[in-house]
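In what follows, a structure is listed as structure tokens, so that the remarks can point back to it.
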Amino acid sequence: MRQLAVVSGKGGAGKTLLTAALAMSKEDVVIADCDVEAPNLHLMLDAHTTKREAFMGMDKAAIGSECTVCGRCGEVCRFGAISGDIPKVDTMRCEGCGACALVCPSNAITFERRQAGTLVLSETQWGRLVYAELKPGESASGRLVAEVRKRASQLAQNGKSTVLIDGPPGSSCPTISTLTGVDAALVVCEPTLSALSDMKRVLALAEHFKLECAVCINKCGLNDGIERAIEDVCEKGGIDVVGRVAYDAHLFEAYVHGGCAQMMQSHPIMDEASRIWSYFENGVKEM
Amino acid sequence: MRIAVAGGKGGCGKTLVAASLAEVAQGDTWLVDCDVDAPNAHLCFGGKGEPLHEVSVDVPSVNTDECTLCGRCGEVCRFGAIVPLEDKVLTFPELCISCGGCALACPTGAIELKKRAVGRLFRASPKDKLTVLTGELTVGEMRAVPVIESMKGLVEHESPELAILDCPPGTSCPVVEAIRGADFCVLVAEPTMGGLHDLTSSLELLSALDVPCGVVLNKAVGTHEVEEVCVNHGVPMLMRIPYDEEIAETYSTGTPIARMNGWGERFGKMLVRIKQEVGM
């Protein structure tokens, strides 16, 4: 097992909680938090920053004084990023594609490098953690995820240590970037209609990428009917349910007030984490 | 009026709040589920309903008769979506952002932009005066923004009295697209360490978008640093929803909590408050 990703589809199902437990129950892991828009794992594991690096996003267009106000740039921009009687670039809308520069008759358009986020290297009691913070409004989510993964793999010396990846919610670009090339995925689900619906999407995504995966049900006891429905979907799809964590208000309170990692150390979730590692390490062939 | 319901942290309760506002709204209301790679709002109202149109994006198609293999398209594409080789041009449509740059750059007009489906819209009418619009990004597709744009276009065309936009989590481009143009944004926050951190990012985004906002504190337990953040940013606290197993169980079944005792009235009052904040 070189790289294990923890995903869910549904936000708030417990990816970060399960990732923390997995990190705490295995020696020699490098942890990657790929939820670059809302990273939380460093808070849960009480990480200490060792380095912060600027992450540069796509260049953004800038219109200079050579502009003859012909308006061609605004006509070709498909993102609504150029407007005004005197053309001006809305950098939040600009995708950095360069189409405007292609048609500018006076070479008035240049591209400026901009910092889109920050990559953070840190240490926790349970291993090194790489995470990132994408600046609000930026569009380079998938690329920043790829950068976090690349750095984590480098720290893991490309296979010597295991890379454990906390994924983002959803099933689009940032999740796809999280799953590409991993050995296996743990899909975390909670017994709600929303989480069941989103789990199906993520399982379909995992199948699309031909990834080995298994499911862990968090917050068991919240809704028995939906828990059975989750089990049915898994059974029909040939997916194993490899962990169950009971709904626990105390754990949530620790998540609010701090001390979550300490509480988890003597919590049944650690048994589930050990079982999950056993499953993936014994059951899944390394790629 | 257009109300966006957002909040950086996944699972903080955006759909819970959006669905409840839609449940109590009077007049012609659309609930627009912009979380297109994990749509859930329709689960609160009996399903997605009828399929509407596909959402398509433009991707390059190379006419090999006109192509001279000059390589210009590959030089201008910043996304690796079109790659000229020695004897042919490869395209990677899933990487294409549909900027049209390759077609503009091609000296022989060999590149045509053709439509490629990336998702679909669905429309349901669960009760009188309520429409639920769901957008679904096809599993495996990368970009949510085109589907959200299509949904917003339909809303502008149909022009309901009130549209409630259930936004995706996070703060990147799909969230920006969903919130942009809204009259007001309800930011849902949870009091966890992560939730506080994510609320601050969301407030930064809303300031950049110049959309007025208010906060709903969900799963409220213990002391609330979230309230201090609200005071510091000068945004109103619209509602506190307690951390309550009964609320969690009710919502797990897809029931909007506005149907629980007393909550309908509270969400109704929140709508009135929002209208006052917006001056409508």
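Computed from a predicted structure; not experimentally measured. A note on names: the letters A, B, ... follow the listed sequences, proteins ahead of strands, and every chain is numbered from 1.
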Quiz item: Pick from B:V145, B:D58, B:I179, B:D35: which one has the most heavy-atom pairs with chain A under 4.5 Å?
Solution: B:D58
Practice problem: Over all heavy atoms of both residues, which pair between B:I97 and A:C97 is shortest? Give the atoms and the distance, please. | Solution: CD1-CB, 4.3 Å
Quiz item: Do B:M193 and A:D46 have side chains that get closer than 4.5 Å, going by heavy atoms?
Solution: no
Practice problem: May I ask you to name which of B:R143, B:E141, B:R180 has the most heavy-atom pairs under 4.5 Å with chain A? | Solution: B:R180
Quiz item: What are the two closest heavy atoms between A:G9 and B:A38, and how far apart are they?
Solution: O-CB, 4.2 Å
Quiz item: In terms of heavy-atom pairs under 4.5 Å, which option from B:L209, B:T253, B:L196, B:V175 contacts chain A the most?
Solution: B:T253
Quiz item: Angle class for the B:Y243/A:F252 ring planes (parallel below 30°, perpendicular above 60°, tilted otherwise)?
Solution: parallel
Quiz item: Which heavy atom in A:S172 sits nearest to a heavy atom in B:L137, and how many Å separate them?
Solution: CB-CD2, 3.6 Å
Quiz item: Just how far is it from atom NE2 of B:H42 to atom OG of A:S197, taken to the nearest 0.5 Å?
Solution: 5.0 Å
Practice problem: Please indicate whether A:E75 has more than 12 foreign heavy atoms, meaning atoms of other residues, nucleotides or ligands, lying under 6.0 Å from its CD. | Solution: yes
Self-check item: pair A:V256-B:K219: side-chain heavy atoms closer than 4.5 Å
Solution: no
Quiz item: Out of curiosity, B:T192 OG1 to A:H257 NE2, how far, rounded to the nearest 0.5 Å?
Solution: 11.0 Å
Self-check item: Heavy-atom side-chain contact between A:P39 and B:H197 under 4.5 Å
Solution: yes
Quiz item: What's the shortest heavy-atom distance between B:P39 and A:R201, and which atoms?
Solution: CD-CD, 4.2 Å
Practice problem: For the pair A:S171 (side chain) and B:D37 (backbone), establish whether a donor and an acceptor sit closer than 3.5 Å, ignoring hydrogens and angles. | Solution: yes
Exercise. With the side chain counted from C-beta on, respond yes when B:L43 and A:T192 share a heavy-atom pair under 4.5 Å apart, and no when they do not.
Key: no
Self-check item: Reported CD-to-CZ distance for the pair B:E177 and A:F79, which is rounded to 0.5 angstrom
Solution: 11.5 Å
Quiz item: Do B:V139 and A:K200 come close enough that some side-chain heavy atom pair is under 4.5 Å?
Solution: no
Exercise. Please tell me if the side chains of A:R78 and B:L113 come closer than 4.5 Å, counting only heavy atoms from C-beta onward.
Key: yes
Quiz item: For chain B, which residues of residues 222-230 of chain A have at least one non-hydrogen atom nearer than 4.5 Å to it?
Solution: A:L222, A:N223, A:I226
Exercise. Search all heavy atoms of A:A38 against all heavy atoms of B:G8 and return the closest pair with its distance.
Key: CB-O, 4.0 Å
